Amino acid sequence: MENQNERKKILLTGDRPTGKLHLGHYVGSLRNRVAMQNSGKYIPYIFISDLQALTDNARDPEKIRRNLIEVALDYLAVGIDPNKSIIFVQSQIPELSELTMYYMNLVTLSRLQRNPTIKTEIKERGFEKSVPVGFLTYPISQAADITAFDAELVPGGEDQEPILEQDREIVRTFNAIYGETLVEPYLITPDKDICKRLPGTDGKNKMSKSLENCIYLSDEPEVIQKKVMGMFTDPNHLRIEDPGNVEDNAVFKYLDAFCTDEHFQKYLPEYKNLDELKAHYRRGGLGDVKIKRFLNNVLQETLAPIRERRHYYEQHIDYVYDMLEEGSKIARQKAAEVLKRVRRAIGVEYFEDMELRHSVYTNIDDDLQENMGGRSR
Ligand code: ATP
Ligand code: MG
């Protein structure tokens, strides 16, 4: 078992407890991580990033407290399995904060300000005039989250790439200064381009909790249907016979992300696959209501088992909290090992370092030490 684990790559990924998880999380990260977890080839660490969520919600800690359980429930609902993955809560691992302190010295302010993901998020949150230091520096704390577990692989959406790039820079700088200590992490994005950044139901922005354009994994069937039927399509496709655009059309983007040929056999057998449906829409003669109804069927089928599993765990809430507590304990042990390595590499393990102790000064006799020993006894 030990040897087998040594060969397994470590995977780490997480989500902010700022709300329930949505379809963007599902296609961008959750689907991949469940598949990787079930392959048995990795050691998955999956965490709820409450510290990161506080960086832009410091004045509303109740929101984070409330949503911790929602994210945990969504994890179990999509099939993240505590017997196969270590599920933990960021704030319960104080080692991460110490690592962040060391890494902060390796990054410049201008480098943080250039990060395109952070730039967009600052704008989205109206932080242009005054950004919390913790928010601007969250890529540094993310480097701590990842390196604390020697993680090599990070499944996530494409917004994570600039952050991972920053994390790798920290690792390289650290290793160059203090010697080979940390592992470089790489982002695993989904194969399909559309899943790397699923748009919201507004059809424009990335689906994001903060933008209120989400279909949540836990939405009830009527809510899903309402959101789908209200989605944006092609604004120039006014009459059914008009030719339609499938590229800038959120409904087709979602179909790209979710539908399979089996869905056509089941719900829309007059088409073999999505290519045929798209061709018809482009030609004209295919109405928006029909494609929305089809998308609704596809999403209902995808989300029904997830919602059912969630309902089960909602009724076993002690189990869920205990699982998070247990996972956090296990994760903390690993982070402590890595922190020890880091402290040794930097040289702040003063009291275990006999070479440092005797490098300039030595003991003439042992009187003082004996006195101290006597006192403490
Ligand atoms: P917030 O609005 O609080 O930032 P969020 O909806 O952006 O929330 P995060 O917790 O920041 O969600 O993202 C967690 C993970 O899910 C990241 O790996 C991110 O890339 C991925 N993700 C989030 N939204 C999408 C999306 N629309 N498409 C693809 N991946 C996404
Ligand atoms: Mg986000």
Side-chain angles (χ1 to χ4, degrees), residues 11-34 36 44-58 60-61 63-64 66-68 70-72 74-75 78 80 87 89-90 115-127 131-132 134-136 138-139 141-142 145-146 151 153-167 185-219 227 231 250 253-254 256-258:
L11 169 165
L12 177 131
T13 177
D15 305 273
R16 297 154 38 96
T18 47
K20 295 175 177 174
L21 299 184
H22 52 64
L23 293 181
H25 296 115
Y26 186 68
V27 295
S29 176
L30 296 170
R31 209 158 52 172
N32 249 351
R33 65 177 98 151
V34 172
M36 290 172 90
Y45 284 86
I46 295 177
F47 75 111
I48 305 183
S49 45
D50 58 338
L51 290 183
Q52 193 192 112
L54 280 168
T55 64
D56 56 337
N57 290 286
D60 190 6
K63 175 172 163 190
I64 312 302
R66 218 178 42 240
N67 280 303
L68 182 85
E70 302 296 348
V71 175
D74 284 330
Y75 281 175
V78 296
I80 293 174
I87 309 172
V89 182
Q90 189 184 23
N115 187 318
T117 297
I118 302 296
K119 272 191 189 167
T120 314
E121 291 182 344
I122 284 178
K123 238 187 244 145
E124 282 170 3
R125 287 158 178 75
F127 283 162
V131 54
F135 186 80
L136 186 68
Y138 90 69
S141 114
Q142 189 163 316
D145 302 335
I146 298 171
L153 305 172
V154 180
E158 70 178 10
D159 60 330
Q160 296 297 304
E161 188 46 44
I163 302 181
L164 264 286
E165 183 57 41
Q166 171 76 82
D167 297 347
Y186 287 88
L187 182 68
I188 308 271
T189 52
D191 295 337
K192 284 188 195 164
D193 277 346
I194 188 64
C195 298
K196 297 177 180 162
R197 185 186 177 282
L198 192 76
T201 46
D202 55 9
K204 287 195 303 267
N205 301 297
K206 172 177 115 72
M207 183 178 285
S208 177
K209 282 169 260 165
S210 320
L211 302 176
E212 293 179 8
N213 58 3
C214 304
I215 295 178
Y216 291 98
L217 300 178
S218 47
D219 276 345
K227 287 180 180 173
M231 269 171 76
K253 288 182 184 175
Y254 283 33
D256 271 328
F258 288 96

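Predicted, not measured: the structure shown is a model, and the values here were computed from it. In listed order, ligands and their atoms are each counted from 1.
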Does [X] reach ligand 1, in the sense of a heavy atom lying below 4.0 Å from it?
X: Arg125; value: yes
X: His22; value: yes
X: Cys195; value: yes

Would you mind running through ligand 1 and noting each atom that sits below 4.0 Å from a heavy atom of [X]?
X: Gly28; value: 29 (C), 30 (N)
X: Thr18; value: 3 (O)
X: His25; value: 5 (P), 6 (O), 9 (P), 10 (O), 12 (O), 13 (O), 14 (C), 15 (C), 16 (O), 23 (C)
X: Lys196; value: 29 (C)

Are any of the N/O atoms in [X] less than 3.5 Å from those in ligand 1?
X: Met207; answer: yes
X: Gly24; answer: yes
X: Arg33; answer: no
X: Arg16; answer: yes
X: Asp159; answer: yes
X: Pro155; answer: no
X: Gly156; answer: no

Going from [atom1] on [X] to [atom2] on [Y], what distance comes out if it is rounded to the nearest 0.5 angstrom?
X: Asp60; Y: Leu54; atom1: CG; atom2: CG; answer: 9.5 Å
X: Leu217; Y: Glu70; atom1: CG; atom2: CD; answer: 12.0 Å
X: Leu68; Y: Lys63; atom1: CG; atom2: NZ; answer: 14.0 Å
X: Tyr186; Y: Glu165; atom1: OH; atom2: CD; answer: 8.5 Å

Report the part of Cys214 (side chain from C-beta onward, or backbone N, CA, C, O) that has a heavy atom under 4.0 Å from ligand 1; answer both or neither where that applies.
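None of Cys214 does.
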I need the minimum non-hydrogen distance between Ile146 and Pro185, along with the two atoms involved.
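Smallest heavy-atom distance, with atoms named: CG2-CB, 3.5 Å.
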Heavy atoms only: which of Lys206, Lys209, Glu158 lies closest to atom 7 (O) of ligand 1?
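Looking at heavy atoms only, Lys206 sits closest to atom 7 (O) of ligand 1.
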Within the supplied structure, the quantity of interest is the number of heavy atoms (other residues, nucleotides, ligands) at a distance under 6.0 Å from Lys204 NZ; does it exceed 12?
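Counting neighbours around NZ of Lys204, 12 or fewer heavy atoms of other residues, nucleotides or ligands fall under 6.0 Å, so no.
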Check the side chains of Tyr138 and Asp56 for a donor-acceptor pair under 3.5 angstrom, ignoring hydrogens and angles.
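Looking only at side-chain atoms, Tyr138 and Asp56 do not form any donor-acceptor pair under 3.5 Å.
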For the residue pair Phe258 and Tyr254, categorise the inter-ring angle as parallel (less than 30°), tilted (30 to 60°) or perpendicular (more than 60°).
tilted
I'd like to check Ile118 versus Leu136 (side-chain heavy atoms, cut-off strictly below 4.5 Å). Are they in contact?
yes
Under a 4.0 Å N-O cut-off, is there an ion pair linking Asp193 with Lys196?
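Salt bridge: yes.
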